[in-house]
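Predicted, not measured: the structure shown is a model, and the values here were computed from it.
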Amino acid sequence: MPELPEVETVVRGLSRVLEGEVLRHVETRRDTLRFPIPQKFAEILKGKRVKDLSRRAKYGLIHMEDAPDVIFHLGMSGRMRLLGAGAPDFEKHDHVIFETGKGEVIAFNDPRRFGFIDFLNEDGSHPMLEKLGPEPLSNHFNGPALAEKLKGKKSPIKAAILDQSVVSGVGNIYACEALYEAGLSPRRSAHTVQGQRAERLANTIREVLTRAIAAGGSTLKDYAQVDGELGYFQHDFRVYGREGEACRNEGCDADIQRLVQSGRSTFYCSKCQR
DNA sequence: ACCACTACCTGAAGGC
DNA sequence: TGCCTTCAGGTAGTGG
């Protein structure tokens, strides 16, 4: 499910339910996701109040009063499910449960278990946050900053923008979409994206992510916002998942092609992207 | 140092 | 109906 726009949507949804609330009940229903869940995770959080939530790249952060902050990652298949108050209807793969003082129940559900949940260090650091590049929607991300990161990189530009140390939060869908909007071939060597090209790409990355957030993210299989609403940005895809379909650029008669780069599908138009 | 590939895990979809 | 293969929104670790 989750690239930056989906995580942003989930964090906003969770904020509405959790901010300012005491965690009346916390429960871990297995010991390990991608990494082990910390010992006494539930015990440490039980009875503590949530200050607020934030997002860094594809990570959600739950800031606590008088307890360590929580970091979570949704992996490929993670969701946060908001369950009605009363007797919650748990499903398979509901691994971690939070209940607020008002009786709202949140379940972290992740069939593939590529996600994880952990505590931040006291200074707000975490090993997973160390190598992250700039937030694409912040002022630190722009053409020159991107060009600098791409300098000397021999890998294809598609692989480079999936590299979280170049720009953080962009995943396979939005990498494809941003390259299409920028008119750049996914196979182009990253180091050739300088000057105007870098400017253009930085802009399309920001635009695509911003539009996706406004649409509540993208729903492929079962991604849902916290309240169960679906995202709908998938209707705006220009290339992702559209192999063999017509390019949507005015005056282009080519079909969208699919190729595999470092083990992942790339969708692009070979006429519009150079 | 850089880059591509594998491994991690489950489930859905398609072919036979 | 069922078995087998392929594919999926991510990323740490490995080996060239």
Side-chain angles (χ1 to χ4, degrees), chain A residues 1-11 29-37 55-60 71-80 91-95 108-118 126-133 136 149-179 186-192 205 208-209 211-213 215-225 230-237 239-244 258-267:
Chain A
M1 149 189 23
E3 302 182 33
L4 185 153
E6 290 74 33
V7 178
E8 178 65 27
T9 302
V10 165
V11 164
R29 312 179 95 214
R30 59 175 301 130
D31 296 334
T32 298
L33 297 173
R34 175 164 193 188
F35 307 120
I37 298 170
R55 177 192 59 72
R56 171 77 174 104
K58 302 174 193 173
Y59 300 88
I71 177 172
F72 64 87
H73 191 286
L74 299 172
M76 293 275 265
S77 57
R79 287 191 292 160
M80 289 289 183
E91 286 177 5
K92 201 173 176 182
H93 309 303
D94 283 342
H95 305 310
F108 180 12
N109 181 288
D110 185 7
R112 294 178 73 179
R113 306 202 301 274
F114 289 171
F116 73 87
I117 192 159
D118 197 4
H126 189 277
M128 302 295 282
L129 300 178
E130 268 167 27
K131 293 178 182 172
L132 291 177
K149 287 279 193 184
L150 296 176
K151 213 176 272 178
K153 273 202 176 293
K154 292 244 174 92
S155 63
I157 185 63
K158 162 75 176 341
I161 57 178
L162 284 180
D163 179 343
Q164 299 297 295
S165 71
V166 170
V167 51
S168 62
V170 178
N172 203 37
I173 293 176
Y174 301 110
C176 293
E177 295 296 319
L179 285 169
R187 326 172 90 122
R188 170 186 280 278
S189 280
H191 66 87
T192 69
I205 287 172
V208 163
L209 295 176
R211 284 198 290 130
I213 290 170
S218 302
T219 301
L220 266 67
K221 288 180 180 171
D222 57 1
Y223 161 73
Q225 302 182 28
L230 302 180
Y232 48 93
F233 190 72
Q234 66 278 7
H235 303 301
D236 279 12
F237 289 170
V239 287
Y240 188 84
R242 297 190 66 244
E243 182 182 13
R258 173 182 178 271
L259 73 102
V260 175
Q261 293 178 291
S262 32
R264 319 210 50 198
S265 286
T266 299
F267 300 89

Has [X] got a side-chain N or O lying under 4.0 Å from the OP1 or OP2 atom of [N]?
X	N	answer
A:Lys131	C:dT11	no
A:Arg113	B:dC8	no
A:His73	C:dT11	yes
A:Ser77	B:dC9	no
A:Tyr240	C:dG9	yes
A:Arg264	C:dG9	yes
A:Lys153	B:dC2	no
A:His93	B:dG11	yes

In whole angstrom, give the distance that lies between atom [atom1] of [X] and atom [atom2] of [N].
X	N	atom1	atom2	answer
A:Glu130	C:dT11	CD	P	16 Å
A:Ile173	C:dC7	CD1	C1'	14 Å
A:Leu74	C:dA8	CG	C1'	15 Å
A:His95	B:dC8	NE2	C1'	13 Å
A:Asp110	C:dA8	CG	P	18 Å
A:Leu259	C:dC7	CG	P	13 Å
A:Phe267	C:dG9	CZ	C1'	12 Å
A:Gln261	B:dC3	CD	P	13 Å

Practice task
Determine the Euclidean distance between corresponding P atoms of C:dC7 and B:dC5; express it in Å to zero decimal places.
Solution key: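 Nearest-Å result for B:dC5 against C:dC7 at atom P: 15 Å.
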Let me confirm one number: the [atom1]-[atom2] distance from [X] to [Y], rounded to the nearest 0.5 Å.
X	Y	atom1	atom2	result
A:Leu230	A:His235	CG	NE2	8.0 Å
A:Leu162	A:Gln164	CG	CD	7.5 Å
A:Asp236	A:Arg211	CG	CZ	5.5 Å

Nucleotide of [options] approaching [X] most closely (side-chain heavy atoms):
X	options	value
A:Met128	B:dC9, C:dG9, C:dA12	C:dA12
A:Lys154	C:dG9, C:dG10, B:dC3	B:dC3
A:Ala159	B:dC9, B:dA4, C:dG9	B:dA4
A:Arg258	C:dA12, C:dA8, B:dA4	C:dA8

Practice task
Report the secondary structure of DNA chain C in dot-bracket form, marking unpaired bases with a dot and bases paired to a different strand with |, and treating Watson-Crick or G-U pairs with both distances under 3.5 Å as paired.
Solution key: .|||||||.|||||||
Problem - More than 12 heavy atoms from other groups under 6.0 Å of OH on A:Tyr232 - result: no
Handout entry: C:dT11 base / A:Arg34 side chain donor-acceptor hit below 3.5 Å
Key = yes
Exercise for the section: Report yes or no: is there a donor-acceptor pair, N or O only, under 3.5 Å between the side chain of A:Arg112 and the base of C:dA8? Expected result: yes
Practice task
Evaluate the side-chain proximity of A:Phe108 to A:Ile37: yes if any heavy-atom separation is below 4.5 Å, no if none is.
Solution key: no
Problem - Is_stacked (A:Phe114, B:dC8) at 5.5 Å, 30 deg - result: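 The base of B:dC8 is stacked with A:Phe114 (centres under 5.5 Å, planes under 30°).
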Identify whether any heavy atom of [X] sits under 4.0 Å from a base atom; if not, whether one sits that close to sugar-phosphate; answer base, sugar-phosphate or nothing.
X	value
A:Phe116	nothing
A:Lys92	sugar-phosphate
A:Pro127	nothing
A:Gln164	sugar-phosphate

Handout entry: Whether A:Glu177 side chain and A:Phe237 backbone form a donor-acceptor pair below 3.5 Å
Key = no
Problem - Side-chain donor or acceptor of A:Asn172 paired with backbone N/O of A:Ser265 under 3.5 Å - result: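 Yes: the side chain of A:Asn172 pairs with the backbone of A:Ser265.
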Completion exercise
salt bridge (charged side-chain N to carboxylate O under 4.0 Å, His left out) pairs touching residues 152-176 of chain A, sequence neighbours excluded, are A:Lys153-A:Asp163
Exercise for the section: Classify the ring geometry between A:Phe116 and A:His73 as parallel (under 30°), tilted (30 to 60°) or perpendicular (over 60°). Expected result: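 If you compare the ring of A:Phe116 with that of A:His73, the planes turn out parallel.
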